[in-house]
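Sequence positions, counted from 1, serve as the residue numbers for this chain.
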Amino acid sequence: MDSANNNRRKVFFLHSAGGGGKTYIYNTIAAAIRAQAKVALCVASSALAALLLDGGRTAHSRFKIPIPIDESSTCNIAKEDHMHGILKETKLIIWDEAPMQHRYGPEAVDQTIQDLLENHDSLFGGITILFVGDFRQTLPVIPRGSRAQIVDACL
């Protein structure tokens with residue numbers, strides 16, 4: 001809350017096993033930010049997880065993450081888009097099920113937000129971000145990938 005309220009530009013990771021109360025925590029944090037008339041974007045790596053987020057959407061839908069994606073990809077958000085205006089007002093991004101997302105997804109979002117907000121000094125353009133998940137659950141799927149390739153694809 002302190003980072004979002006005071007523009008501290010931090011990145012957090014909430015790690016807990018399934019049933020540990022992660023959903024309650026992040027929905028409470030999002031509600032507290034919104035109660036102050038500030039913007040909190042809630043996204044998830046899967047559609048099922050997005051349903052549990054108050055106002056949640058999939059990360060691909062919200063940020064227009066390209067498919068397929070590679071290390072040089074950026075999201076399809078232009079400076080004139082409505083989403084650019086929302087990002088300028090955003091104080092917090094909550095990203096559920098982050099470990100199941102290929103690392104290129106968050107990297108593309110990071111690069112895009114830095115470009116849109118013209119702030120390359122901070123991750124995600126200075127927006128506080130809370131990644132949520134459990135690395136003991138499903139990791140990114142790499143077809144016929146070795147253990148090293150799967151680990152390399154992780155956030």
Check the pair Asp96, Lys22 against salt bridge (charged side-chain N to carboxylate O under 4.0 Å, His left out), reporting the backbone distance first and the verdict last. CA-CA 9 Å; Asp96 192 17; Lys22 296 183 298 286; over 6 Å; no
Let me see the working for Asn5 and Ile33 under side-chain contact (heavy atoms from CB on, under 4.5 Å), right down to the final yes or no. CA-CA 8 Å; Asn5 287 332; Ile33 295 293; 3.9 Å; yes
Intermediate values then yes/no, salt bridge (charged side-chain N to carboxylate O under 4.0 Å, His left out), Lys79 and Glu118: CA-CA 11 Å; Lys79 285 208 178 213; Glu118 298 176 1; 2.5 Å; yes
Residues Leu123, Ile129; criterion side-chain contact (heavy atoms from CB on, under 4.5 Å); working and verdict: CA-CA 9 Å; Leu123 290 173; Ile129 186 157; over 6 Å; no
Please lay out, stage by stage, how Val141 and His102 fare under the test side-chain contact (heavy atoms from CB on, under 4.5 Å). CA-CA 8 Å; Val141 175; His102 194 290; over 6 Å; no
Kindly indicate, with the supporting measurements, whether the criterion side-chain contact (heavy atoms from CB on, under 4.5 Å) is fulfilled by Trp95 and Phe13. CA-CA 9 Å; Trp95 194 322; Phe13 193 96; over 6 Å; no
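At a threshold of 4.5 Å between side-chain heavy atoms, the hydrophobic network of Ile, Leu, Val, Met, Phe, Trp and Tyr places Val39 and Val43 in one connected group. A continuous path of Ile, Leu, Val, Met, Phe, Trp and Tyr side chains, each step under 4.5 Å between heavy atoms, connects Val11 with Leu116, placing both in one hydrophobic cluster. Hydrophobic clustering (side-chain heavy atoms under 4.5 Å, transitive across Ile, Leu, Val, Met, Phe, Trp, Tyr) groups Ile69 together with Ile150. Note: the hydrophobic cluster containing Ile93 also contains Tyr104 (ILVMFWY, side chain heavy atoms under 4.5 Å, direct or indirect links).
Within the 3.5 Å criterion, the main-chain N or O of Gly125 finds no donor-acceptor partner in the side chain of Ser122. In this structure, Thr74 contributes its side chain and Thr112 its backbone to no donor-acceptor pair below 3.5 Å. Checked by atom type and distance alone, the side chain of Asn6 never pairs as donor or acceptor with a backbone atom of Arg8 at under 3.5 Å. Formation of a donor-acceptor pair under 3.5 Å by the Ser73 side chain with backbone atoms of Asp70 is found in this model.
With rounding to the nearest 0.5 Å, the separation of NE2 in His120 from CG in Asp115 is 4.5 Å. Arg57 CZ to Phe63 CZ: the interatomic distance, rounded to the nearest 0.5 Å, is 9.5 Å. Rounded to the nearest 0.5 angstrom, Glu107 CD and Cys75 SG are separated by 11.5 Å. To the nearest 0.5 angstrom, Tyr26 atom OH is 8.5 Å from Cys42 atom SG. Leu53 contributes atom CG, which lies 11.0 Å from atom CG of Leu41 (distance to the nearest 0.5 angstrom). For the atom pair CE of Met1 and NZ of Lys91, the computed distance is 12.0 Å after rounding to the nearest 0.5 Å.
The closest side-chain heavy-atom distance from Cys154 to Pro140 is below 4.5 Å. Side-chain contact check for Ile127 versus Leu92: every heavy-atom pair is 4.5 Å or farther apart. Looking at Ile65 and Val109, their side chains come closer than 4.5 Å, going by heavy atoms from C-beta outward. Considering only heavy atoms from C-beta on, His15 comes within 4.5 Å of Arg136 through its side chain. Under the 4.5 Å side-chain criterion, counting only non-hydrogen atoms from C-beta, Val132 is not in contact with Thr23. When side chains are defined from C-beta on, Arg9 does not count as touching Thr128, because their heavy atoms never get closer than 4.5 Å. No side-chain heavy atom of Glu97 sits under 4.5 Å from any side-chain heavy atom of Asp134. Between Asn27 and Ile94, every side-chain heavy-atom pair lies at or beyond the 4.5 Å cut-off.
In this structure, Phe124 and Phe131 have perpendicular ring planes: the angle between them is above 60°, well past the 30° mark.
When all heavy atoms of Gln101 and Pro106 are compared, the pair lying nearest together is CG-CD, 3.6 Å. Nearest heavy atom pair, residue Thr90 against residue Ile86, reads OG1-O, 2.7 Å. Between Met100 and Thr138 the shortest heavy-atom distance is CB-O, 3.2 Å.
For the ring pair (Phe, Tyr, Trp, His ring centres under 6.0 Å) test, no residue two or more places apart in sequence or in another chain qualifies with His60.
Ion pairing between a basic and an acidic side chain is recognised when a charged N comes within 4.0 Å of a carboxylate O; Lys64 and Asp81 show such pairing.
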